[in-house]
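See structure below.
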Amino acid sequence: MIDTGANASAAGADEGATVRAFAPGRVNLIGEHTDYTGGLALPMAIDLGTTVVGRRTTDGRVVLRSADQPEPADVPINVGDPASVTPAWARYVAGVVHELAPGAGFAGTVTTTIPIGSGLSSSAALELAVALALGFDGAPTELAALGQRAEQLASGVPCGLMDQWASAAGLDGHCLLLDFTAETAVPVPVPEDIAIVVVHSGQDRTLVGSAYGDRRAACEAAAASIGPLRDAELDAVATIADPVVRRRARHVVTENARVVQFVSALRDGDTAGAGQLMIESHRSLRDDFEVSTDALDQLVDRLVATPGVHGARLTGAGFGGCVIALTEPTALEEGWTVRACSGARLLTDPINASSS
Ligand code: GLA
């Protein structure tokens, strides 16, 4: 499926060598809606991702075609407001162009193996692959921060840093214990005797901007009342007067604790314990944070009742999309079994004109 860049030359790209950049999607094992509160999360980059192939041009435009999209992204390198660009997918390209301010144009193609709108961070992968293709040259954390700013500009959703950080810093065979206060990423080996399976709920996820923003605002209100949620105890949470804000804060505080316990369980080989923590995480997202849906709840219940499944929970923001299950290797016949993979990078192997 990977386009060779031949289209790029046909489109008038006339300068520089062919560039090929790749960025993976991600799943989050546990630690949901914690990133924008300075909390903890445990995502991993996966073996589904997005590739951008193309060349620098001299026409001052970034032009990308995608086999999955009827309209190309065609963005001037001095783009104004990324959110006003059409078609909608081009906004993410425009967000990156806005933040990176590349000195030259680019023409190429985008291909992806990430199902779009599933909560597997297809937009973060697009942002990071585009940034690398356009010449971004910096540390993974800087790449992640650029992608986050691009995402916020493009979508208007005040997302956290987890998706872009996981995609930028992924490590083969490992998930990453991300600490959004200390700004550290600690690799944690994913045990080889478990499978991580992603199953779509059948309900497309729209990252409902207002609902995500409301959750974030509630967490900020809680922190204004009792201090940073990262350091808060449940006793303090119980003093929050507003019952909705109190429940949102309770999710964040208990979820941070579950991340720590989950890492211990993985390190101890306690797969059953890790699975139980995923089930508790889902309940907390359903009841306290209220970002689950009937389709997600029913899927989690069905998967958890399947022999060989240790635990399951929604992954990503919620409001539809995918469930992630921790299972014995052959327990599930549905979904995608994903592996923990390396993060965003330029691909240097030669471009073969007949590669597929
Ligand atoms: C989305 C956001 C992330 C994070 C998750 C919830 O994926 O982009 O920053 O907040 O939701 O954990």
Side-chain angles (χ1 to χ4, degrees), residues 23-46 48 91-92 95 114-128 141 143-170 175-181 183 185 198 201 204-220 223 229-230 248-249 251-256 258-259 262 277-278 281-282 284-286 288-293 296 313-324:
R26 66 96 188 88
V27 291
N28 188 19
L29 298 182
I30 198 160
E32 218 67 84
H33 287 281
T34 50
D35 57 349
Y36 50 80
T37 65
L40 300 170
L42 193 70
M44 65 183 212
I46 58 177
L48 300 172
R91 291 176 194 152
Y92 299 95
I114 307 172
I116 310 289
S118 316
L120 299 180
S121 293
S122 54
S123 57
L126 176 63
E127 291 144 14
L128 271 52
T141 46
L143 176 62
L146 184 147
Q148 180 195 23
R149 294 196 304 274
E151 173 95 27
Q152 292 184 347
L153 284 174
S155 67
V157 176
C159 66
L161 185 60
M162 173 177 69
D163 304 343
Q164 289 81 9
W165 198 357
S167 178
C175 49
L176 298 172
L177 174 56
L178 300 183
D179 182 324
F180 294 91
T181 294
E183 298 182 355
V198 178
S201 65
D204 267 354
R205 184 206 59 135
T206 47
L207 219 178
V208 187
S210 57
Y212 187 96
D214 287 351
R215 299 305 183 281
R216 187 166 178 157
C219 291
E220 282 160 10
L229 296 184
R230 174 63 183 281
R248 306 295 188 248
H251 163 72
V252 171
V253 170
T254 58
E255 186 77 349
N256 282 331
R258 281 187 289 271
V259 174
F262 189 95
L277 288 160
M278 290 174 76
S281 168
H282 184 80
S284 179
L285 288 159
R286 181 191 66 192
D288 278 351
F289 219 67
E290 294 181 282
V291 293
S292 190
T293 63
L296 287 166
R313 55 183 289 282
L314 71 83
T315 187
F319 313 110
C322 285
V323 160
I324 179 174

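First listed ligand is number 1; within each ligand, the first listed atom is number 1. These numbers come from a predicted model, not from an experiment.
- When the options H33, E255, Q164, Q148 are ranked by their closest heavy atom to atom 6 (C) of ligand 1, first place goes to H33.
- For ligand 1, the atoms lying closer than 4.0 Å to a non-hydrogen atom of G160 are 9 (O).
- Without hydrogens or angle criteria, Q152 side chain to C159 main chain gives a donor-acceptor distance under 3.5 Å.
- Here atom 1 (C) of ligand 1 lies nearest to D163 when heavy atoms of T315, D35, D163 are compared.
- Ion pairing between a basic and an acidic side chain is recognised when a charged N comes within 4.0 Å of a carboxylate O; E290 and R248 show such pairing.
- Between E32 and ligand 1, an N or O atom pair is found at a separation short of 3.5 Å.
- Checked by distance only, ligand 1 and Y212 come closer than 3.5 Å through their nitrogen or oxygen atoms.
- Under a 4.0 Å criterion applied to the non-hydrogen atoms of Y36, ligand 1 contributes the atoms 10 (O).
- Proximity of R26 to ligand 1 is established by a heavy-atom distance of less than 4.0 Å.
- H33 meets the ring pair (Phe, Tyr, Trp, His ring centres under 6.0 Å) test with Y36, Y212, F289; sequence neighbours excluded.
- With I30 as the fixed residue, the side-chain contact (heavy atoms from CB on, under 4.5 Å) test singles out one of P43, S281, C175: S281.
- Counting only residues at least two apart or on different chains, no salt bridge (Lys or Arg N to Asp or Glu O under 4.0 Å) pair has a member in residues 115-126.
- With hydrogens and angles ignored, the 3.5 Å screen pairs no side-chain donor or acceptor of S292 with any backbone N or O of L285.
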